[in-house]
Amino acid sequence: MAHIAVLGAGVVGITTAWYLRQAGFDVTVIERESAAGIQTLFASGSLSVANAKPWADPKTPFEALKGFFSEDAPLLYRLRADKSQRQWAMQFLRECRAEKSDANLVQMVRLGLYSQQALKYLRADMNIKYEHKTRGVMHFYTNKVDFEAANAATKRIQELGCNRQFIDINNTASLEPALYPIAHKLIGATYTSLDESGNPYLFTKRLAERCQQAGVRFMYDTEVLALNVDAHSEQPHIHSITIQPIDENAQTFSADSHVLALGHDSMPLLKPLEVELPIFAAKSYTATYKVNPRAPHLAPFISLIDDEYKLVISRLGDTLRVASAIEFNGYSLDLNQARCDEITERIRQLFPKGIVANSAQFWASLHPMTPSSVPLIGRAHKGRNYHGSHNTEATFDNLWLNTGHGTLGWTFACGSAKAISLMMQGETPKVDFDFVGSET
C-alpha cells in the first residue's frame, strides 16, 4: 500500500485525504495549524457552479482601474515592488482576452459540475451535517448595465450544462421573501436550483474526523519547511520532506508520494525545485452577522449573489455569512475599514431588519489565484507554463498539485480531490479538464 503525504488540512487537503484513503492508500496529513479547516472558519458558504467564472475577462481591467481611486471598490489592485506580482499581472491581462476568458470558463464549469456531483455522492454516503441547504443560488441585479452584461454570460453557462435560468422580477421576492424590501429596485435575476450552500468549516472538520476513523494519520502543529529532491534520480523525485513540529527540532519525513494542498504557501516550497507556480494571493473579506432573532424570516435562506457589489451571501444557521470581492494587495491580512463599512452598509440596505448590523465579525483570507482562475490539479513539473505544453522529462514522478482554486476552493474541493485520487491510481477522471503534468 503506497504511503501518501497530503500537505495541508484545508477543505481541499481533507477531501484529497478522504478520496485517497477510500482508494486504499496509506495517508498522512501534515498541517501547521492545530486542527483541520482553520482557514475555512469564516469562508464563504456558497457552493455555486453558476458563479464558477474567471476573474479575468474583457471587463476586468476597467474595473481594476476604478479600484485605483477607491478603497472600497469591489475589485482592488495595488501595485507592489514584487516581481512575482508583476509577472502574474501580465499573465492575468493576457487571460482577459475574450477567447481566453471563454476557454477558462469552460474549464471551470466542467470542474464545477463534476465537483457538484462528487459532493452529492459523498454526502449521501457519509451523512455529514454541515448546515447545508439545497435551495439553489440566486444572482440578483440592481444595476441595468450589470444585468445586461450577465445575459450573455448566463446563456453561455447554460450551453455548458449549468441550469442557471432567468427568472421574472416578480418571482424573485416570492422565491426569497427577504428581498421584498428592495423588490422595487431589482432589474433582473437568475436562479440556479442545483447550486447549494453550507458551512465549509463544519464540512472540513467533520470529514477530517471521518478520515481519522478510516485510518488517516494527522500531524497538526507541524510546518513543512522543504521538499528534498533526489539528485541522482533520472526523473525529478522527492525523497523526503523536512518538517518542524511545534516546540521540536526540524526532522525529515518520508512518503511514496506527496500532494500539495497548501494554497499560496505552496510557492516558496516549490521555488527551490525550479517549480514556479503562476499563483498570487487574492485577499477577500467575509463578514458574519447575527440574524435578527425577532425576525429571522427577514434574512435570506437562499444563497444570494449581489453582482453589483460582488457579494456572496449565505445563511448558516442563525448567522448570515457575506463574502466580498477580492483585492490584490500583497500578503497582509489587515482589515481595510472602508471595505468593511461598505459591506455592512450594503447588507443594511438589502436586509434592514433581518440582521443585527453591529454584530459583524470580519475576517480576511488569502486565496491562491491563478491568472486564468483555473486551478492546478495534477503532477508538478519544472518551469512556469502550467496550462499548455511542457517538457514531460521535467515532470515529478511523486509530487502532485491540488491548488490554485482561488475563491472557489469550497466549490471545487470534492471534484479536485476525486480527480487527483483517480490520477494517482493511474485512471483518467471522467471530466474534460486540463490536468497539469499529464498526457491524459
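- Crowding of Y331 atom OH: a count of heavy atoms from other residues, nucleotides or ligands under 6.0 Å exceeding 12.
- Here the two rings, on F433 and F412, have centers that are 6.0 Å apart or farther.
- In this model, a donor atom of one side chain and an acceptor atom of the other lie less than 3.5 Å apart for N402 and T16.
- When all heavy atoms are compared, the tightest approach of A357 to R348 is CB-NE, 3.2 Å.
- No donor-acceptor contact under 3.5 angstrom links the side chains of S324 and Y309, judged on distance only.
- A donor-acceptor pair under 3.5 Å is absent between the side-chain atoms of S101 and the main chain of R97, judged by distance alone.
- F42 pairs in a ring-ring contact (aromatic ring centres under 6.0 Å, His included) with only one of the listed residues (Y285, W363, F362), which is W363.
- Distance alone, capped at 3.5 Å, is enough to place a donor-acceptor pair between the R321 side chain and the A43 backbone.
- Between L350 and I313, the closest side-chain pair of non-hydrogen atoms falls below 4.5 Å.
- Residue T190 is tested with T154, V137, I157 for a side-chain contact (heavy atoms from CB on, under 4.5 Å); the sole match is T154.
- The shortest distance between side-chain heavy atoms of I238 and D230 does not fall below 4.5 Å.
- Taking the side chain as every heavy atom from C-beta outward, P429 and M423 approach each other to under 4.5 Å.
- Ring planes of W88 and F280: tilted class, angle from 30 to 60°.
- There is no side-chain donor-acceptor pair under 3.5 Å between N228 and H239.
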Take T60 and D57 through the side chain to side chain donor-acceptor pair (under 3.5 Å) test and state the conclusion after the steps. CA-CA 5 Å; T60 304; D57 67 29; 3.0 Å; yes
I would like to know whether W410 and S46 meet side chain to side chain contact (heavy atoms under 4.5 Å, CB included); could you show each step before the answer? CA-CA 8 Å; W410 180 209; S46 179; over 6 Å; no
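- A 4.5 Å side-chain heavy-atom check between L7 and V259 finds every atom pair outside the cut-off.
- Shortest non-hydrogen contact noted between A17 and V216 is O-CG2, 4.3 Å.
- Side-chain contact check for L273 versus L227: some heavy-atom pair is nearer than 4.5 Å.
- Side chain of Q244 to backbone of L225: no donor-acceptor contact under 3.5 angstrom is found.
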Evaluation steps, side chain to side chain donor-acceptor pair (under 3.5 Å), between D195 and Q116: CA-CA 8 Å; D195 279 348; Q116 187 178 72; 3.2 Å; yes
Kindly determine whether E176 and M138 satisfy side chain to side chain contact (heavy atoms under 4.5 Å, CB included), including the steps that lead there. CA-CA 9 Å; E176 179 44 79; M138 183 193 299; 4.2 Å; yes
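- Between V6 and W18, the closest side-chain pair of non-hydrogen atoms is not below 4.5 Å.
- What you find for T15 and V11 is that their closest heavy atoms are OG1-O, 2.7 Å.
- Checking side-chain atoms of R315 against main-chain N and O of G317 turns up a donor-acceptor pair under 3.5 Å.
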Where do E131 and L202 land on the side chain to side chain contact (heavy atoms under 4.5 Å, CB included) test, with the steps shown first? CA-CA 8 Å; E131 297 177 340; L202 289 181; 3.8 Å; yes
Test side chain to side chain donor-acceptor pair (under 3.5 Å) on T252 and T242 and set out the steps. CA-CA 4 Å; T252 57; T242 303; over 6 Å; no
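- Counting only distance, with no hydrogens or angles, the side chain of Q425 and the backbone of S421 share a donor-acceptor pair below 3.5 Å.
- L320 is listed as a side-chain neighbour of F351, based on a closest heavy-atom distance under 4.5 Å.
- For E31 (side chain) and A9 (main-chain N/O), a donor-acceptor pair under 3.5 Å exists by modelled atom type.
- Using a distance-only test at 3.5 Å, with no hydrogens or angles considered, no donor-acceptor pair links the side chain of S373 to the main chain of P54.
- Counting all heavy atoms, side chain and backbone alike, I420 lies closest to G378 at CD1-N, 4.1 Å.
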For the pair T192 and N163, evaluate side chain to side chain donor-acceptor pair (under 3.5 Å) and give the outcome as yes or no after the intermediate values. CA-CA 6 Å; T192 313; N163 71 328; 5.0 Å; no
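- Across Q91 and P371, no two heavy atoms sit closer than the pair CB-CG, 3.6 Å.
- Looking only at distances, a side-chain donor or acceptor of T370 sits under 3.5 Å from a matching main-chain atom of V374.
- Atoms OG and CG, on S48 and L408 in that order, are 8.0 Å from each other to the nearest 0.5 Å.
- A donor-acceptor distance shorter than 3.5 angstrom exists from the side chain of T222 to the backbone of Y220, with no hydrogens or angles considered.
- In summary, the aromatic rings of F92 and W55 are positioned with their centroids too far apart to meet the 6.0 Å limit.
- A salt bridge is defined here as a Lys NZ or Arg NE, NH1 or NH2 lying under 4.0 Å from an Asp or Glu carboxylate O, and R339 with E327 meets this definition.
- Salt-bridge check for R21 with D26: failed, with every basic side-chain N at 4.0 Å or more from each acidic carboxylate O.
- In this structure, a donor-acceptor pair under 3.5 Å is absent between the side chains of S197 and H132.
- Residue pairs meeting the salt bridge (charged side-chain N to carboxylate O under 4.0 Å, His left out) criterion with at least one member in residues 111-130, sequence neighbours excluded: R123-E196.
- With sequence neighbours excluded, no residue forms a side chain to side chain donor-acceptor pair (under 3.5 Å) with H258.
- The aromatic ring centroids of H3 and F253 lie less than 6.0 Å from each other.
- Between T28 and I4 there is no side-chain heavy-atom pair separated by less than 4.5 Å.
- A 6.0 Å sphere centred on NZ of K290 holds no more than 12 heavy atoms belonging to other residues, nucleotides or ligands.
- For the pair N104 (side chain) and K100 (backbone), a donor-acceptor distance under 3.5 Å is present.
- In summary, D306 and R346 engage in a salt bridge, as defined by a charged side-chain N under 4.0 Å from a carboxylate O.
- Across T204 and G37, no two heavy atoms sit closer than the pair CG2-CA, 3.6 Å.
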Full working for side chain to side chain contact (heavy atoms under 4.5 Å, CB included) between L277 and H264: CA-CA 9 Å; L277 300 186; H264 67 276; over 6 Å; no
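- Remark: K59 does not engage D307 in a salt bridge, criterion side-chain N to carboxylate O under 4.0 Å.
- In the displayed structure, K283 atom NZ is contacted under 6.0 Å by more than 12 heavy atoms of other residues, nucleotides or ligands.
- For residues 32-41, every residue pair satisfying the salt bridge (charged side-chain N to carboxylate O under 4.0 Å, His left out) rule, not counting sequence neighbours, is listed here: R32-D265.
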